[in-house]
Amino acid sequence: MAEENKSSLDPLAALCKRRGFIYHSSEIYGGMPGFWDYGPLGCELKQNVKQAWWQFTVRGRSDVAGLDATIIMHPKIWKASGHLDTFADPMTMCKECKKLMRADQIGDILAEQKKKPVPHNPEGTLSCPYCGGEMTEPKPFNLMFKTVVGPIDDPSNVAYLRPETAQAIFAQFTNVLATSRQQVPFGIAQMGKSFRNEVTPRNYTFRSREFEQMELEFFIRPDEAVEILHGHVVTLADNPDLDGPVQDDWGWEVWHKYWVEQRKKFLTAVGLPPARFVEYWQKPDELAHYARACVDIEYDFPFGRQELEGIAARSDFDLSQHQKWSGESQMVFDDPLKQAAKKMDDAARAAFIEKVQKDWVARGKDSLEAEKFCRNLFDGKYVPHVIEPSAGVDRLMLALLCEAYEEQKLTDDKGKDDVRTVLHFNPKVAPVKVAVFPLVKKDEASYKMAQDIFGKLRKKVNSFWDESGQIGRRYRRQDEAGTPWCITVDPESPKDGKFTVRDRDSMQQERLSYEEFLAKMYAALEF
RNA sequence: GCGGGCGUAGCUCAAUGGCAGAGCGUCGGCCUUCCAAGCCGAUGACGAGGGUUCGAUUCCCUUCGCCCGCUCCA
């Protein structure tokens, strides 16, 4: 019974604290629920995860540019994005069974239960869909943190801490477009802190109130523009090659799937085996109204299968919203598109418009808007659509920690049982890459050689020096930190120029020269 | 907010109505030392407040915090 109330994360959480990965925020004052600090090893891990993402998403590609925007932005951004309205959920609680729920979802819950429409009490309050009890007055619960900008604490000065990094990308879209020498299709990536006043933070760092995101907004042409340019639009039915270079005639569906595959490649590269995560394609009725498709990549955490990142096809919703609220055009000019449209005669244009209108009306959109949209396309102008891969740094870190954690039962030469706690991080994200030990402190030549090696290595990668305690103990310390390699320099080393390299996972040892070790290490660290 | 579990050292855990103990860790030192168990020393805790009592870490009350569930979706 007591076991069931324990978190399955407890052993990992204890290690994280003991070794300096994760601490509770403000611990000496009793902590703050939903806020976590990363200690010496944790911040290295975090840096590595972010660096890996940045390399994979931005620097390793020629079609993505970076951005680092502020956390506090003009409050209208959140009006335009919908966060101010949709993030303010009216919460209500049943006075009988104490269930907490969103007032606006009671109807849905009843519908799911196939019950009659929302029964109202005589006083006009709602009844609990579970037990029929009286509900408390719905209270607005805004998930955004409010603050005041400037010296006067006045409602007109209210601003919000961003609940996602994505909106800054949309808000700076035209600036990046003008200065990055990129053309659609291209992406803008950003990493940074976001804040959500979660009702109940839970599951260690999984749902935090302050967390860090890695988001990419990849802007693409609307399918109609691709059609004009290429006379066709490649869809998933065409079996496009998603591993090769990107193609100009891909439609949004293909781009979306392409990014799903890219994200999976990234997760695999930083050490999550594909077998350990699942792709969940949201069903049409689960999609947000602006989304055309959304895939969640979920990981089997010890506390259940949970979302690690999401890849959404958001159409032109965000940029259009900002265009509407700011009054600034968010359209791009696409010269190849204009040139292609020039070749269409009036009949072809009329037929094209008619086709688009039919399609739009079928999707519940306005026919006149469709025509306006087409006329703009003929001028080479449109609001780009967007594919949004959005990942949580802290969630990925937690998944990597869960995945890496192992308590190995070993039996030594003398037949004694021993438990080895080891973090099997992929070397690319391991906080410490290599530890250097002098086997014997008193042997001057080898001690000096160990110091020289350490001095050289620390200029290249995060390295650790340890000369205290017995050698086996030093190895085990590094196992708990997840250090992939330990170098032990012994009295023989100055003579043959080689040292012992001990592998974390296999515990195998081999004698290598400095150059041989460097080659081995770099091979493992490269993306 | 409600229900359940739980608060003893950095971590894991003891004991007790009468000076709070161990292992690991950390720090210093010794040992010619390749897989945590060689030696010496140091470090350090009863979440907070109140009550009962000669005396409370232990019993009672209050409070604070953590964990699990109800909501959240990076």
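Computed over heavy atoms, backbone and side chain alike; hydrogens, waters and symmetry mates excluded. In what follows, every chain begins at residue 1, and chains take the letters A, B, ... in the order their sequences are listed. In this text the structure is predicted, and so the values were computed from the model without any measurement.
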Separation of B:A74 atom P from A:K50 atom NZ, nearest Å, is 19 Å
Looking only at side chains, do A:Q167 and A:S81 share a donor and an acceptor under 3.5 Å apart? no
Would you mind telling me which of B:A74, B:U33, B:C67 lies closest to the side-chain atoms of A:W36? B:C67
For B:C72, does either OP1 or OP2 sit under 4.0 Å from a side-chain N or O belonging to A:N197? no
Go ahead and name the base partner of B:C59; Watson-Crick or wobble counts if both distances stay under 3.5 Å, otherwise write none. B:G51
For the residue pair A:F195 and A:F145, categorise the inter-ring angle as parallel (less than 30°), tilted (30 to 60°) or perpendicular (more than 60°). perpendicular
Would you indicate whether A:K265, at its atom NZ, is surrounded by more than 12 heavy atoms from other residues, nucleotides or ligands within a distance under 6.0 Å? yes
Look at the side chain of A:R502 and decide which nucleotide, out of B:C34, B:C35, B:A36, has an atom nearest to it. B:C35
Please give the nucleotide sitting opposite B:U43 as a Watson-Crick or G-U wobble pair, both distances under 3.5 Å, or none. B:G25
Distance criterion of 3.5 Å, no angle test: do you see the side chain of A:T500 paired donor-to-acceptor with the base of B:C34? yes
Could you check whether A:Y447 and A:W465 have their ring centres less than 6.0 Å apart? yes
Rounded C1' spacing from B:C66 to B:C73 in Å: 24 Å
With rounding to whole Å, what would you report as the distance between B:G4 and B:C54 at their C1' atoms? 39 Å
Within less than 4.0 Å of OP1 or OP2 of B:C31, is there a side-chain N or O belonging to A:K442? yes
What class does the angle between the rings of A:W259 and A:F218 fall in, given that below 30° is parallel, 30 to 60° is tilted and above 60° is perpendicular? tilted
May I ask you to check whether over 12 heavy atoms, not counting those of A:E444, lie within 6.0 Å of atom CD? no
Does B:U12 have OP1 or OP2 under 4.0 Å away from a side-chain N or O of A:R18? no
So, A:K448 and A:D452, do they make that salt bridge, N to O below 4.0 Å? yes
With RNA chain B as reference, determine whether A:H24 or A:A391 sits nearer its 5' end, using the nearest nucleotide of each. A:H24
When all nucleic acid strands are considered with a 4.0 Å heavy-atom cut-off, which category describes A:L308: base, sugar-phosphate, or nothing? sugar-phosphate
Closest of B:C72, B:U32, B:A74 to the A:V440 side chain is B:U32
Is A:K17 near enough to B:C11 that one of its side-chain N or O atoms lies under 4.0 angstrom from OP1 or OP2? yes
Pairwise C1' distance for B:U16 and B:A22, with rounding to whole Å: 15 Å
Just to be sure I understand the rule, does A:F437 reach a base, reach only the sugar-phosphate, or reach nothing, if contact means heavy atoms closer than 4.0 Å? nothing
Output one line per pair: protein atom, nucleotide atom from nucleotides 39-45 of chain B, and distance, for all N/O pairs under 3.5 Å.
none

Under a 4.0 Å N-O cut-off, is there an ion pair linking A:R511 with A:D490? yes
Scan A:S390 against the nucleic acid and name what it touches under 4.0 Å (heavy atoms): base, sugar-phosphate only, or nothing. sugar-phosphate
Would A:Y299 and A:F301 count as a close aromatic pair, with their ring centres under 6.0 Å? yes
Residues touching RNA chain B, which here means a heavy atom under 4.0 Å, drawn from residues 503-510 of chain A: A:M507, A:Q509
So which nucleotide from B:U26, B:C34, B:C11 ends up closest to the side chain of A:R19? B:U26
Taking the six-membered ring for Trp, are the ring centroids of A:Y258 and A:W255 within less than 6.0 Å of each other? yes
Partner nucleotide of B:G17 by Watson-Crick or wobble geometry (both distances under 3.5 Å): none
Counting only Watson-Crick or G-U wobble pairs whose two distances fall under 3.5 Å, which nucleotide matches B:G1? B:C70
Which nucleotide, in any strand shown, forms a Watson-Crick or G-U wobble pair with B:G38, with both distances under 3.5 Å? B:C30
Partner of A:D479 by side-chain hydrogen bond (donor to acceptor under 3.5 Å, both in side chains), out of A:R504, A:Q408, A:R420: A:R420
Looking across every strand, which nucleic acid part, if any, lies under 4.0 Å from A:P33 by heavy atom: base, sugar-phosphate, or nothing? sugar-phosphate
RNA chain B contacts made by residues 462-481 of chain A, counting heavy atoms under 4.0 Å: A:Q470, A:I471, A:G472, A:R473, A:Y475, A:R476, A:R477, A:E480
Partner of B:G7 under the Watson-Crick or G-U wobble criteria, both distances under 3.5 Å, comes out as B:C64
Whichever of A:E309 and A:P438 has the more 5' nearest nucleotide on RNA chain B, that residue is A:P438
Would you indicate which nucleotide in B:C73, B:A36, B:C68 comes nearest to any side-chain atom of A:N203? B:C68
Does A:E279 pair with A:K257 as a salt bridge, N-O distance under 4.0 Å? yes
State which residue, out of A:E212, A:Q213, A:E210, fulfils the side-chain hydrogen bond (donor to acceptor under 3.5 Å, both in side chains) condition with A:K193. A:E210
Give me the distance, rounded to whole Å, that separates B:G47 from B:A56 when you measure between the P atoms they each carry. 15 Å
Just by modelled atom types, is the A:T165 backbone N or O under 3.5 Å from a matching donor or acceptor in the A:Q190 side chain? yes
Whole-angstrom distance between B:C67 and B:G55, as gauged at atom C1': 35 Å
